[in-house]
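All remarks here apply to the structure that follows.
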Amino acid sequence: PIRDLFVQFQDLKDKIAEALENNGVKSLQVKGSVNQQIKALDVMQKEVPGKEDPRVLLLTMDDESSAGVNLTTCNHAIFVHPLLAESQQQYEAYETQAIGRVRRYGQTKTVYITRYFARHTIDGKIYKERTGVDVNKYVSTG
């Protein structure tokens, strides 16, 4: 499966890209001119990806370059941290937009939403404030 990783901060996105590369996972970031962005995204739109094609697309939540992208070839949306937003409305808009990129008309695969949290951190507190869900009850210890 092809996965979208959603990150809000460029420095964290760079670290994730480096970690993926160090572990043999090819990833792609949408950046550069409009033509470069379109060319990069064309790789992710293949119904049957090539052996050397990237399997992970790293997207920044508030980056215009990834806004409106149709990613029905992807069926995993992974949030590596809770989204920071000035309001509940903005938080919900960011998350809805991210999930909506993989749950668009034409999606035929089951879509999986995954969130990563570190136990007993500010991330869990932020997520609980926005959703009411205490992630410390659900976070794996292994």
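The basis for the numbers below is simple: all heavy atoms, side chains too, and nothing from hydrogens, waters or symmetry mates. The first residue in the sequence is number 1, and the count goes up from there.
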For side chain to side chain contact (heavy atoms under 4.5 Å, CB included), just list the numbers for Glu92 and Glu95, CA-CA rounded to whole Å, side-chain angles, deciding distance to a tenth of an Å, and then say yes or no.
-> CA-CA 5 Å; Glu92 290 171 6; Glu95 187 166 280; 5.9 Å; no

Within a strict 4.5 Å, meaning less than it, do heavy atoms of the Asp14 and Gln10 side chains meet?
-> yes

Glu18 side, atom CD; Asn23 side, atom CG - distance, nearest 0.5 Å = 10.5 Å

Which heavy atom of Thr110 sits nearest a heavy atom of Asn75, and at what distance?
-> O-ND2, 3.0 Å

Check whether any side-chain N or O of Arg130 sits under 3.5 Å from a backbone N or O of Ala85 as a donor-acceptor pair, and report yes or no.
-> yes

Distance from Leu5 atom CG to Leu28 atom CG, nearest 0.5 Å?
-> 12.0 Å

In Å and rounded to the nearest 0.5 Å, what is the CD to OG1 distance from Gln89 to Thr96?
-> 10.5 Å

Nearest heavy atoms of Gly124 and Val135, plus distance in Å | CA-CG2, 3.6 Å

Steps toward side chain to side chain contact (heavy atoms under 4.5 Å, CB included) verdict (Lys26, Arg55) = CA-CA 6 Å; Lys26 293 184 181 189; Arg55 306 301 276 176; 5.7 Å; no

Determine the minimum heavy-atom distance between Leu84 and Tyr94, stating which atoms define it.
-> O-CE1, 4.0 Å

When hydrophobic residues are tied together by side-chain contacts of less than 4.5 Å, even through go-betweens, does Tyr112 share a cluster with Leu58?
-> no

Closest non-hydrogen atoms of Val102 and Gln107, given as atom of the first, atom of the second and distance, are O-NE2, 2.7 Å

Atom pair CG/CZ of Leu83 and Arg115 - distance to nearest 0.5 Å = 8.0 Å

With a cut-off of 6.0 Å (strictly less than), are more than 12 heavy atoms of other residues, nucleotides or ligands near OH of Tyr116?
-> no

Identify the two heavy atoms, one from Phe6 and one from Ala98, that lie closest to each other, and give their separation to 0.1 Å.
-> CZ-O, 3.4 Å

Evaluate whether atom CD of Glu129 has more than 12 neighbouring non-hydrogen atoms of other residues, nucleotides or ligands under 6.0 angstrom away.
-> yes

Shortest non-hydrogen separation from His81 to Gln8 and the atoms involved = NE2-N, 3.0 Å

Find the distance between CD1 (Ile99) and CD1 (Ile113) and round it off to the nearest 0.5 Å.
-> 4.0 Å

